[in-house]
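Written out below as structure tokens is the structure these notes cover.
When a residue number appears, it is its place in the shown sequence, counting from 1.
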Amino acid sequence: PPAMIVESFLRDLRIGARTLARRPAFTLMAATSLALGIGLVATQFSLIDGVLLRGLPISDGQRLLHVARSVPQSNDPSVWEGVPYRDFLVLKERQTSFETLAGVNELSVNISGLGHVPSNRMGALCSANLLEVLGVRPVLGRWFTAEEDKPGRPLMVVISYPLWQEEFHGDPGVLGQPLSVNGEPGTIIGVMPQHFAFPVVQQLWTNLRASPSGDPRLRLVDRVEMVGKLRQGVPMSQAQVELDMLAASLVKMWPETNKGFERMSVEKFSFAYAGGGTQVILYTLLGMTLFILVLGCVNVANMLLGRASQRTRELAVRAAVGANRGRLVRQLLAEAFLIAAIGSLGGLLLTYEGVRLLQYNLVEKMMVPSWFDFRVDYRVVAIAVAATLAAGLLAGIVPAWRASRMDLNTALKDDSRAASGMGGGKLTRWLIGAQIALSTVLLVAASILAVTLYLMRHANLRYDPDRLLMGRIDLQEGTQPTPEARARFYRTLVERLQAEPGVESVAVTSRAFLNSGVRTQVAPEGVVYAHDNDRPSVQLEVVSTDYFRLTGVKPRAGRLFDTREQNTEPISAVVNESFARKFWPNADPVGRRFRSNQTYEKWATVIGVVPDLQMQGLFASPGHDEEGFYLVEDQMGWGWLDLLVRTKSDPQQLVGPVRKAIASIDPNQPIYAVGTLTSRTAEQMRGFSIIGVKAMIFAGITLFLGAIGVY
């Protein structure tokens with residue numbers, strides 16, 4: 001009967017508790033082995049849950065999908081780009097899988113106004129139905145309407161709760177106040193809830209006001225990524241098929257911009273911003289923690305087996321007075337589950353501390369999506385409980401099974417022979433071999449991961465990073481409306497800073513050493529492609545004239561940029577060696593010409609060749625996808641560039657003069673993300689550094705468990 005089963009189970013637990021209490025050192029060591037594994041598994045699950053599984057904290061957040069178009073040159077499904085606004089309107093009207101589709105285009109914005117210091121914030125251009133999709137409302141004021149979303153309408157601004165507190169001190173009278181966004185006067189009409197920062201860490205939102213008749217090749221800002229909630233009962237696969245069919249129809253409507261984009265990217269919204277390589281890394285770390293838990297279980301199994309071999313006479317007496325094999329198995333399993341339960345309490349303490357550190361180092365110290373949230377909730381506790389049950393069963397089943405098969409007569413006559421038969425032999429050797437094998441696998445994996453991250457961190461620092469001051473500047477059309485004006489701004493800024501005491505050299509760049517270049521399709525002269533979208537893509541970096549002097553790079557052939565490039569025609573280009581080998585393997589590239597979509601199909605003439613400088617970014621594999629070229633800012637007039645100032649002493653002393661020089665040209669233009677290359681690298685590498693630290697912790701725990709197990 002159930003009552004007898006419960007009573008028997010409780011009796012086994014009481015006996016097991018008394019047995020374990022008589023050997024506190026043994027119990028503590030066994031419980032610690034399991035606590036480490038259970039704590040690591042639960043902590044890693046909380047990380048995966050917060051990044052990938054839980055979804056956004058909105059109503060029916062699991063049904064929220066991200067929709068964009070897949071990049072044809074990439075086989076990675078996580079690589080996507082926004083669709084032209086006119087495509088968005090067609091997809092929104094014709095699709096049937098979603099309740100509705102909303103469009104959003106995230107970008108950094110400069111804000112200024114009466115009584116406000118100019119600053120740069122993360123913002124987004126949004127369609128009027130975005131809040132309909134998300135099911136969220138402003139806490140103050142309103143969102144903009146569909147009528148206000150049309151081209152030519154005034155700029156409407158909705159600000160975040162933190163921005164409201166920071167800039168306006170929580171004043172309810174903020175509604176109707178003016179706020180200049182990228183040099184365009186706007187009006188504040190609403191304030192969003194406290195923790196709303198969609199889609200990543202946005203602090204303000206404006207009406208999109210894109211034109212459906214605009215050419216998306218000329219105005220990249222008229223592109224959007226889409227979000228929508230699946231209709232109830234509609235699987236994601238059905239939405240994928242439908243949107244792929246619609247994408248194929250768009251190719252026929254506008255082949256000049258859609259050729260090659262026959263497939264859409266449809267995935268859970270959280271995966272779009274934390275998918276791709278992140279999934280692989282997170283699940284790899286989870287696999288490592290499971291390995292550690294298994295190693296802990298093997299440890300405890302071996303310890304219990306040794307302990308059981310010392311209890312042969314006790315077990316034999318129990319069997320002699322009527323305990324059958326099942327009763328002995330239950331008794332030993334009860335002890336294993338008690339050890340696992342004690343270990344789970346320690347594991348939950350480790351989990352609590354691990355989650356606290358994740359929350360601090362990832363959410364509070366890094367610019368990660370606002371919906372990342374790591375906590376010890378019922379899901380994490382459930383995983384810890386499941387790990388505890390699995391650990392208790394795995395650690396206890398082998399010793400219990402082995403003890404139940406002992407020879408009763410031999411144990412009563414000579415317990416030393418019985419102990420030798422139960423605790424030694426092949427089984428013990430197999431368990432010790434498994435411990436050594438698991439420890440070796442984890443140590444090698446953790447070491448490779450840690451070394452790889454160390455090499456990645458130092459791969460691009462070819463010169464002294466501590467005397468290189470960096471800062472980001474975003475010139476906007478509202479204040480610097482033409483490419484000529486933007487080029488003149490940067491040229492003037494470089495000249496003024498070059499005259500400052502303590503400055504060795506000054507330059508601007510669109511890549512800033514750590515990031516990848518801008519993916520750009522090119523067509524060398526004499527090579528014909530069936531369609532523009534079939535052209536190969538390479539890396540592009542826009543730099544000022546003195547960029548190569550600041551970095552100390554010498555040309556391998558030809559010359560570098562100089563004052564001759566202040567003329568807008570002809571367009572000059574410097575290519576790297578990989579670019580030259582790819583397109584002109586058996587010829588001198590100097591003097592050759594090519595076209596690109598970033599030069600609006602005008603011919604660019606190669607004037608020089610430089611070494612490969614890892615244009616694919618700090619986090620990419622060296623030697624892979626490195627083909628790239630450089631254009632000069634004087635001829636391009638880009639607005640979003642990084643300022644580089646090489647100093648003779650402490651670069652922090654130049655922060656004030658840099659801000660003063662910028663204000664002397666445009667008092668409403670901010671500079672942000674100011675720091676040295678060392679600090680910028682540390683910031684970019686923070687997430688990878690956390691992974692490296694975790695790998696080292698895993699390695700240390702593995703070594704500890706392996707040593708205990710072999711002992």
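Between the side chains of Arg519 and Ser537, at least one donor N or O sits under 3.5 Å from an acceptor N or O. Side-chain polar atoms of Thr509 and Glu541 form a donor-acceptor pair below 3.5 angstrom.
Nearest approach of Val590 to Ile607, heavy atoms of both residues: CG1-O, 4.1 Å. Closest non-hydrogen pair, Ser572 versus Glu565, comes out as OG-OE2, 2.9 Å. Looking at every heavy atom in both residues, Gln566 comes nearest to Asp634 through CG-OD2, 3.6 Å. The two residues Asp612 and Ser578 make their nearest non-hydrogen contact at OD2-OG, 2.5 Å. Of all the heavy atoms in Asn258 and Asp87, the pair that sits closest is ND2-OD2, 2.6 Å. Residues Asp244 and Met264 come closest through the heavy atom pair OD1-N, 2.9 Å.
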For this session: Please test Leu631 against Leu540 for side chain to side chain contact (heavy atoms under 4.5 Å, CB included), starting from the C-alpha separation and ending with a verdict.
Result: CA-CA 8 Å; Leu631 298 176; Leu540 164 64; 3.8 Å; yes
For this session: Quick one: do Arg209 and Asp149 satisfy salt bridge (charged side-chain N to carboxylate O under 4.0 Å, His left out)? Show the steps, please.
Result: CA-CA 5 Å; Arg209 302 178 298 163; Asp149 200 16; over 6 Å; no
For this session: Test Arg467 against Glu504 for salt bridge (charged side-chain N to carboxylate O under 4.0 Å, His left out), laying out the working first.
Result: CA-CA 10 Å; Arg467 293 193 298 113; Glu504 286 187 0; 3.4 Å; yes
For this session: Decide side chain to side chain contact (heavy atoms under 4.5 Å, CB included) for Ile671 and Val658; before the verdict, give the C-alpha distance in whole Å, the side-chain angles of both, and the deciding distance to 0.1 Å.
Result: CA-CA 9 Å; Ile671 181 173; Val658 166; 3.9 Å; yes
Exercise. Do Trp254 and Arg86 pass the side chain to side chain contact (heavy atoms under 4.5 Å, CB included) test, and can you show the C-alpha distance, the side-chain angles, and the key distance before you say yes or no?
Worked result: CA-CA 10 Å; Trp254 297 296; Arg86 61 189 184 186; 3.6 Å; yes
Exercise. Are Leu475 and Gln669 close enough, and set up right, to give a side chain to side chain contact (heavy atoms under 4.5 Å, CB included), and what steps lead you there?
Worked result: CA-CA 7 Å; Leu475 299 183; Gln669 177 60 51; 3.3 Å; yes
Problem set entry | Audit row: Glu242, Ser97, side chain to side chain donor-acceptor pair (under 3.5 Å) steps and yes/no | CA-CA 8 Å; Glu242 180 187 38; Ser97 301; 2.6 Å; yes
For this session: Output, in order, the C-alpha distance, side-chain angles, deciding distance and verdict of salt bridge (charged side-chain N to carboxylate O under 4.0 Å, His left out) for Glu569 and Lys602.
Result: CA-CA 10 Å; Glu569 298 284 351; Lys602 295 179 181 178; 3.4 Å; yes
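The residues Arg592 and Glu525 are annotated as not salt-bridged, no charged nitrogen and carboxylate oxygen being separated by less than 4.0 angstrom. Using a cut-off of 4.0 Å between Lys/Arg side-chain N and Asp/Glu carboxylate O, Arg486 and Glu477 are scored as not salt-bridged. Electrostatic pairing of Arg680 and Asp642 counts as a salt bridge here, judged by a charged N lying under 4.0 Å from a carboxylate O.
With sequence neighbours excluded, the residues forming a salt bridge (charged side-chain N to carboxylate O under 4.0 Å, His left out) with Arg63 are Asp60, Glu99, listed by chain and number. Partners of Phe548 under the ring pair (Phe, Tyr, Trp, His ring centres under 6.0 Å) rule, at least two apart in sequence or in another chain, are Tyr630. Listed by chain and number, the residues in a side chain to side chain donor-acceptor pair (under 3.5 Å) with Glu106 are Gln202, Tyr273 (sequence neighbours excluded). Under the side-chain contact (heavy atoms from CB on, under 4.5 Å) criterion, Arg564 pairs with Arg559, Asp562, sequence neighbours left out. For Thr100, the side chain to side chain donor-acceptor pair (under 3.5 Å) criterion is met by Asn129, not counting sequence neighbours. Residues passing the ring pair (Phe, Tyr, Trp, His ring centres under 6.0 Å) test with Phe583, sequence neighbours excluded: Phe579. Every residue was checked against the ring pair (Phe, Tyr, Trp, His ring centres under 6.0 Å) condition with Phe561, not counting sequence neighbours, and none meets it. With sequence neighbours excluded, the residues forming a ring pair (Phe, Tyr, Trp, His ring centres under 6.0 Å) with Trp640 are Trp638, listed by chain and number. Applying the side chain to side chain donor-acceptor pair (under 3.5 Å) rule to Ser596 yields the partners Thr599; only residues at least two apart in sequence or on another chain are considered. Taking Pro570 as the reference, nothing meets the side-chain contact (heavy atoms from CB on, under 4.5 Å) condition, with sequence neighbours excluded. A search for side-chain contact (heavy atoms from CB on, under 4.5 Å) contacts involving Val241 returns Met245, not counting sequence neighbours. Applying the side chain to side chain donor-acceptor pair (under 3.5 Å) criterion to Glu93, with sequence neighbours excluded, gives no partner residue.
Gln95 contributes a side-chain N or O that, together with a main-chain N or O of Phe98, makes up a donor-acceptor pair within less than 3.5 Å. Thr492 places a side-chain N or O within 3.5 Å of a backbone atom of Arg488 that can act as its donor or acceptor partner. When atom types are taken as modelled, the side chain of Trp584 and the backbone of Pro524 share no donor-acceptor pair closer than 3.5 angstrom. Panel note: side chain Arg511, backbone Phe513; a donor-acceptor pair is recorded below 3.5 Å. Glu184 places no side-chain N or O within donor-acceptor distance of the main-chain N or O of Asn182, the cut-off being under 3.5 Å. Put simply, the side chain of Thr551 gets close to the backbone of Tyr547: a donor and an acceptor are under 3.5 Å apart. The backbone N or O of Asn567 lies less than 3.5 Å from a partner atom in the side chain of Gln635, making a donor-acceptor pair. Checked by atom type and distance alone, the side chain of Gln539 pairs as donor or acceptor with a backbone atom of Gly517 at under 3.5 Å. Of the possible polar contacts, one joining the Asn110 side chain to the Asp474 backbone as a donor-acceptor pair under 3.5 Å is found.
For Arg472 and Tyr672, the positive end is not near the middle of the six-membered ring at less than 6.0 Å and at most 45° from its axis.
Counting heavy atoms from C-beta on, the side chains of Lys229 and Leu65 never come closer than 4.5 Å.
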